[in-house]
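Read through the structure below, which is laid out as structure tokens, and then see the notes.
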Number of protein chains: 2
Amino acid sequence: MSENQRVRTKKTVEERRQDILEAALKVFSENGYKGATTAEIARQAGVAEGTIFRHFATKKELLTAVLEPKIVESLIVLDQEKRESSPEEFFRCFLKNRLELMQENADLFRLMFAEAQYHSEVREAMFHGILGPGIGLIKPWFDKGIAQGVFKPLPFIPTMRSFMGMAMFYGVFGFLFPNLSPEKTVDEAADHIAELFLHGLVRADS
Amino acid sequence: MSENQRVRTKKTVEERRQDILEAALKVFSENGYKGATTAEIARQAGVAEGTIFRHFATKKELLTAVLEPKIVESLIVLDQEKRESSPEEFFRCFLKNRLELMQENADLFRLMFAEAQYHSEVREAMFHGILGPGIGLIKPWFDKGIAQGVFKPLPFIPTMRSFMGMAMFYGVFGFLFPNLSPEKTVDEAADHIAELFLHGLVRADS
DNA sequence: AAAATAAGTGAGTAATCACTCATTTAGATA
DNA sequence: TATCTAAATGAGTGATTACTCACTTATTTT
């Protein structure tokens, strides 16, 4: 009778919220938004199912709540690198920083890209939280490199799209085909991607 | 009483199968695998729900059936380009061909990448149907370029991963943020990606 | 200590969904 | 035309699920 007693630990509202968000990210990223059940999230968070709906009105609100904080957080780190002056050096720092962030939050990024296809809220969060600010940060660097004659005068958006593709796919590929992913460290990957993106596959002297 | 009469057109078994597969791809790619309902697929295919299960035992079998034919088809086109000799020229042809295929089957590729996260069957289909053969085709070209001294001796898998990232993301990005996608033609995009991948962003003479 | 407030609970609910099967229909065959 | 067969149908079913709400438990206030 007293078998299935939940031990009710005392936690602040904020701590409970975090427990739920943490569990939600795990369950969402393992099963997708539709494949995840609120019952399973509650189980993993160590709360009753009803508790979830005391903190988040709907399942969808829980999804956006999972994505938003990390999206915002992802911007803060950037400003520190602004001081670097050489366009090439700036890029290497920036790339390494981005890859680390994506490595640490691989679950979240995979979830974000999968669900962006189906939920306009997610697309808008990506646009306003990542793409927009990211462009604002990197466009001046790009223009400066062209003005200095260091970069080719390539169109900005397509170039950034290629860059994002390389960076994003690093994380996705590693998850989908771990046995095909030889690199041990993020640094190795960053060096390799930077070399390709800046100087290409073809040898300079050929 | 005779209001909701379905007009039963005479079709071969294969035609019905194709109708269902076509509708399934549409509904799956709009809502994701879990978000799609067999009722909606039946509606869009113009058949009764039960008919679906006469052609496919389960919903999941329908998913794999949607993905497989296109995966196989995607390989056939490749062999034709083998004749090209210059490594650079081969790459441009190959890339253009891949981008066209992805443009034509954008729904399918987006679905495939989203669902690969959650279904090992999809991952395996991707691996055996796309990645494996793709590697078998392009590895000799890559090695030859290095042997000729045209390419840098970069590691193969990470280089291909970057290439795939650029190519895949072209389609995904265009879907997620159409207003940010300036290119009108696949050719333009192919030229741009080829330039970046082969020669990089930095000017050769700088 | 009693009362009031806040947070948590989990059985219950209505809706949804993949899948079944007894029946109907269309076309081939005799 | 009558009979047979395979394909198609769609109402029905059991399982699942997001969400509710009457109630319990813990904390704060009086």
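Naming: A, B, ... by sequence-line order, numbering from 1 per chain.
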Contacting residues from residues 58-66 of chain B, given that a heavy atom lies under 4.0 angstrom of DNA chain C: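 Those residues are B:Thr58, B:Lys59.
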What residues from residues 19-36 of chain B pass a heavy-atom cutoff of under 4.0 Å to DNA chain C?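 Within this stretch, B:Ala36 sit under 4.0 Å of the strand.
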Proximity of [X] and [Y] rings by center, below 6.0 Å:
{"X": "A:Phe109", "Y": "A:Tyr170", "answer": "no"}
{"X": "B:Phe151", "Y": "B:Phe91", "answer": "no"}
{"X": "B:Phe177", "Y": "B:Phe173", "answer": "yes"}

Under-4.0 Å side-chain N/O to phosphate OP1/OP2 contact, [X] with [N]:
{"X": "A:Arg16", "N": "C:dA7", "value": "no"}
{"X": "B:Thr38", "N": "C:dC17", "value": "no"}
{"X": "A:His55", "N": "C:dA7", "value": "no"}

What residues form a salt bridge (charged side-chain N to carboxylate O under 4.0 Å, His left out) with A:Glu188, not counting sequence neighbours?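 In terms of salt bridge (charged side-chain N to carboxylate O under 4.0 Å, His left out), with neighbours along the sequence ignored, A:Glu188 is linked to no residue.
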Mind running side chain to side chain contact (heavy atoms under 4.5 Å, CB included) on A:Phe156 and A:Ile138 for me, showing each step along the way? CA-CA 10 Å; A:Phe156 177 68; A:Ile138 213 168; 3.5 Å; yes
Donor-acceptor pair, distance only, cut-off 3.5 Å: does the side chain of B:Lys34 make one with the backbone of A:Tyr33?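 Side chain of B:Lys34 to backbone of A:Tyr33: no pair is present.
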Listing request: all ring-ring contact (aromatic ring centres under 6.0 Å, His included) pairs with a residue in residues 36-59 of chain A, at least two apart in sequence or in separate chains.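 Listed once each, the pairs would be none.
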Expected list for residues 190-197 of chain B: side-chain donor-acceptor pairs under 3.5 angstrom, two or more places apart:
unit_1, atom_1, unit_2, atom_2, d
B:His192, NE2, A:Thr159, OG1, 3.0
B:Glu195, OE2, A:Lys152, NZ, 2.6

Atom pair CZ/CG of A:Phe90 and A:Leu95 - distance to nearest 0.5 Å: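 Separation between the atoms: 11.0 Å.
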Salt bridge flag under 4.0 Å for residues A:Glu100 and A:Lys96: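 Looking at A:Lys96 together with A:Glu100, the answer is no, because their closest N to O distance does not fall below 4.0 Å.
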Just checking A:Thr37: base, sugar-phosphate only, or nothing, at a heavy-atom cut-off of under 4.0 Å?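 Answer is sugar-phosphate: A:Thr37 comes under 4.0 Å of backbone atoms only.
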Show, in sequence, the C-alpha distance, side-chain angles and deciding distance for B:Glu22 and B:Gln18, and conclude whether the side chain to side chain donor-acceptor pair (under 3.5 Å) test is met. CA-CA 6 Å; B:Glu22 201 177 310; B:Gln18 288 306 320; over 6 Å; no
Among the nucleotides C:dT9, C:dA7, D:dC19, which one has an atom lying closest to any side-chain atom of A:Val13?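 Of the options given, the side chain of A:Val13 lies nearest C:dA7.
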Between the protein and nucleotides 11-15 of chain D, are there any N/O to N/O pairs under 3.5 Å, and if so, what are the atom names and distances?
none

